[in-house]
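In what follows, a single structure is set out as structure tokens and then discussed.
When a ligand or atom number is given, it counts from 1 through the structure's own listing order.
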Amino acid sequence: MKKLAITGGGPLDGEVRASGAKNATLPILCAALLSDQPLDISNVPHLEDVTTTNRLLGQLGADITIDEKYGVHVHAQNLTSHEAPYELVKTMRASILVLGPLLARHGAARVALPGGCAIGARPVDIHIAGLRKMGATIDVEAGFIDAKAGRLQGTRIVMETVTVTGTENLMMAATLAQGETVLENAAREPEVVDLADCLRAMGAQIEGDGTTTIRIQGVDALHAAKHRVVPDRIETGTFLVAGVLTQGRVKVRDTRPSLLDAVLGKLETAGAEVSTGDDWIEVNMHGQRPRAVSVHTAPHPAFPTDMQAQFCALNAVADGVGTVTENVFENRFMHVPELQRMGADISLEGNTAIVRGQPRLKSAPVMATDLRASASLVIAALAADGETVVDRIYHIDRGYECIEEKLAQLGAKIRRLNA
Ligand code: EPZ
């Protein structure tokens with residue numbers, strides 16, 4: 001089991017570049033299934049989940065080539081299968097994103113029902129209800145979603161919960177449907193907008209992405225396109241929090257400040273001097289200890305659930321008491337017991353963590369449980385005395401490109417143990 005060993009030290013000081021967004025790359029790769037012409041994608045992060053998605057697309061019959069800059073060229077000219085097998089889906093829930101494109105292009109899809117994961121049950125009932133409303137026949141049995149459809153029919157769909165991949169699946173399916181589809185209560189995340197930008201480059205007719213109502217006029221076919229993936233706002237935020245909790249200075253380049261307004265506002269409340277340019281953000285604590293902040297997660301543009309664990313780590317060493325309320329997932333405090341092992345004073349009351357800041361944490365062996373929880377343990381270790389070993393870091397490799405190299409660029413003492 002791979003581990004990361006981090007030796008706590010002084011303030012971070014340096015610059016890193018943000019990679020392309022994992023949660024934009026995954027749906028955009030699946031969008032290539034909608035066309036028999038090539039889709040060239042650049043600024044793709046080199047992540048386990050991207051490799052898994054490429055493998056899945058290959059199994060469906062798409063030709064995948066990766067260039068020297070890790071750009072991905074997908075050509076789904078002749079699909080030879082419409083099945084997403086369980087052994088792939090169980091490692092990556094986002095495989096559900098082939099459902100809409102396969103149904104729209106191929107008229108059939110057999111996708112293993114993604115199980116739950118550490119942070120919650122993660123149902124896909126809204127994906128299925130929307131596709132049924134577009135005319136698909138969908139049976140869910142023996143752990144598989146079996147879907148069939150003639151040409152999908154445009155319709156009005158009100159999603160009962162804001163769902164990011166649900167919005168993405170239905171938006172992709174609607175691009176080839178007959179007539180207009182209106183998605184109400186749609187997710188507004190920047191990754192949804194980036195997917196819509198890519199689909200428009202392919203010839204789709206979409207408007208309203210980034211708002212709660214998205215309108216899609218179906219077309220008969222999509223064509224070849226090139227797309228550069230939006231920067232990863234969660235990776236950006238993770239490095240900024242690392243700079244703040246170590247009382248240092250971190251500049252993130254190749255990013256976009258407008259992607260994470262809510263997070264930047266909270267970092268300013270914590271006492272950081274935040275400066276921004278078109279494609280960079282810098283936080284500077286000038287050696288001061290951060291003040292505790294309170295956050296409530298909710299769909300974009302509110303504070304993102306994917307930054308919740310990182311703010312638990314920040315509050316663990318901040319001055320004062322901060323509360324962290326998780327409103328999106330039902331079990332997203334798996335990092336709390338691990339942070340407590342490092343001396344953090346956190347108590348859980350329902351979906352709220354009450355965090356009483358300590359000047360320093362103590363190193364301890366800890367275990368990663370999900371992607372963002374593991375990132376919070378790594379950055380917490382930067383503010384802990386001694387060497388912390390984080391186990392099960394395959395979770396990290398799914399979502400953070402070269403995290404130890406990037407943190408080392410900021411002055412962190414971090415190494416990978418292949419123990
Ligand atoms: C996406 O997951 C992201 N993953 C998650 O990032 C992110 O945490 C989440 O959105 C929320 O922002 C990708 O984009 C690949 P949801 P998704 O559907 O789409 C309920 C990371 O760390 N729901 O928006 O699966 C669901 O249970 C990952 O990068 C239904 O009830 O999340 C949850 O409570 C973790 N029925 C809420 O909606 C459905 O059919 C939001 O989930 C779908 C969702």
So which protein heavy atom does [atom] come closest to, and at what separation?
| atom | result |
| --- | --- |
| atom 27 (O) of ligand 1 | Pro123 CD, 3.3 Å |
| atom 25 (O) of ligand 1 | Arg122 NH2, 3.0 Å |
| atom 40 (O) of ligand 1 | Ile126 N, 2.8 Å |
| atom 35 (C) of ligand 1 | Arg332 NH2, 3.7 Å |
| atom 18 (O) of ligand 1 | Thr163 OG1, 2.7 Å |
| atom 36 (N) of ligand 1 | Asp125 OD1, 2.8 Å |
| atom 32 (O) of ligand 1 | Phe329 CZ, 3.8 Å |

How close do [X] and [Y] get, heavy atom to heavy atom, and via which atoms?
| X | Y | value |
| --- | --- | --- |
| Leu264 | Pro257 | CD1-O, 3.9 Å |
| Leu34 | Leu176 | O-CD1, 3.5 Å |
| Leu240 | Val250 | CD2-O, 4.0 Å |
| Arg392 | Ala368 | O-CB, 3.4 Å |
| Ala384 | Met342 | CB-CE, 4.0 Å |

message: Looking at non-hydrogen atoms alone, which of Val328, Asp306, Leu26 comes nearest to atom 7 (C) of ligand 1?
response: Asp306
query: Which is closest to atom 14 (O) of ligand 1 by heavy-atom distance: Asp49, Val124, Asn23?
result: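 The option holding the nearest heavy atom is Asn23.
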- prompt: Side-chain contact, heavy-atom cut-off 4.5 Å: Leu377 with Leu339?
  reply: yes
query: Any heavy atom of Leu97 sitting closer than 4.0 Å to ligand 1?
result: no
query: Thr305 and Arg332: side chain to side chain donor-acceptor pair (under 3.5 Å), yes or no, with the steps?
result: CA-CA 9 Å; Thr305 174; Arg332 202 170 195 174; 2.8 Å; yes
Just distances here: any N/O of [X] and N/O of ligand 1 closer than 3.5 Å?
| X | answer |
| --- | --- |
| Thr161 | no |
| Thr305 | no |
| Arg372 | yes |
| Val164 | yes |

task: Only one of Ile126, Asp125, Val124, Leu131 passes side-chain contact (heavy atoms from CB on, under 4.5 Å) with Ile128; say which it is.
output: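 Answer to the side-chain contact (heavy atoms from CB on, under 4.5 Å) test with Ile128 among Ile126, Asp125, Val124, Leu131: Val124.
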Subset of ligand 1 atoms that lie under 4.0 Å from at least one heavy atom of [X]:
| X | value |
| --- | --- |
| Lys22 | 21 (C), 29 (O) |
| Leu371 | 21 (C), 22 (O), 29 (O) |
| Val162 | 24 (O), 38 (O), 41 (C) |

message: Side chains of Gln308 and His335 only: does a donor on one sit below 3.5 Å from an acceptor on the other?
response: yes
query: Will you find, in the side chains of Lys406 and Ser19, an N or O donor that is under 3.5 Å from an N or O acceptor?
result: yes
- request: Kindly assign one of parallel, tilted or perpendicular to the pair Phe303 and Phe311, based on the angle between their ring planes and the thresholds 30° and 60°.
  value: perpendicular
message: Does Arg233 form a salt bridge (Lys or Arg N to Asp or Glu O under 4.0 Å) with Glu191? I'd like the steps, not just the answer.
response: CA-CA 9 Å; Arg233 63 192 166 102; Glu191 294 75 28; 2.8 Å; yes
message: Residue-level breakdown please: for His127 versus ligand 1, do any non-hydrogen atoms fall below 4.0 Å on the side chain, on the backbone, on both, or on neither?
response: both
- line: Counting heavy atoms under 4.0 Å, the part of Thr165 that contacts ligand 1 is both
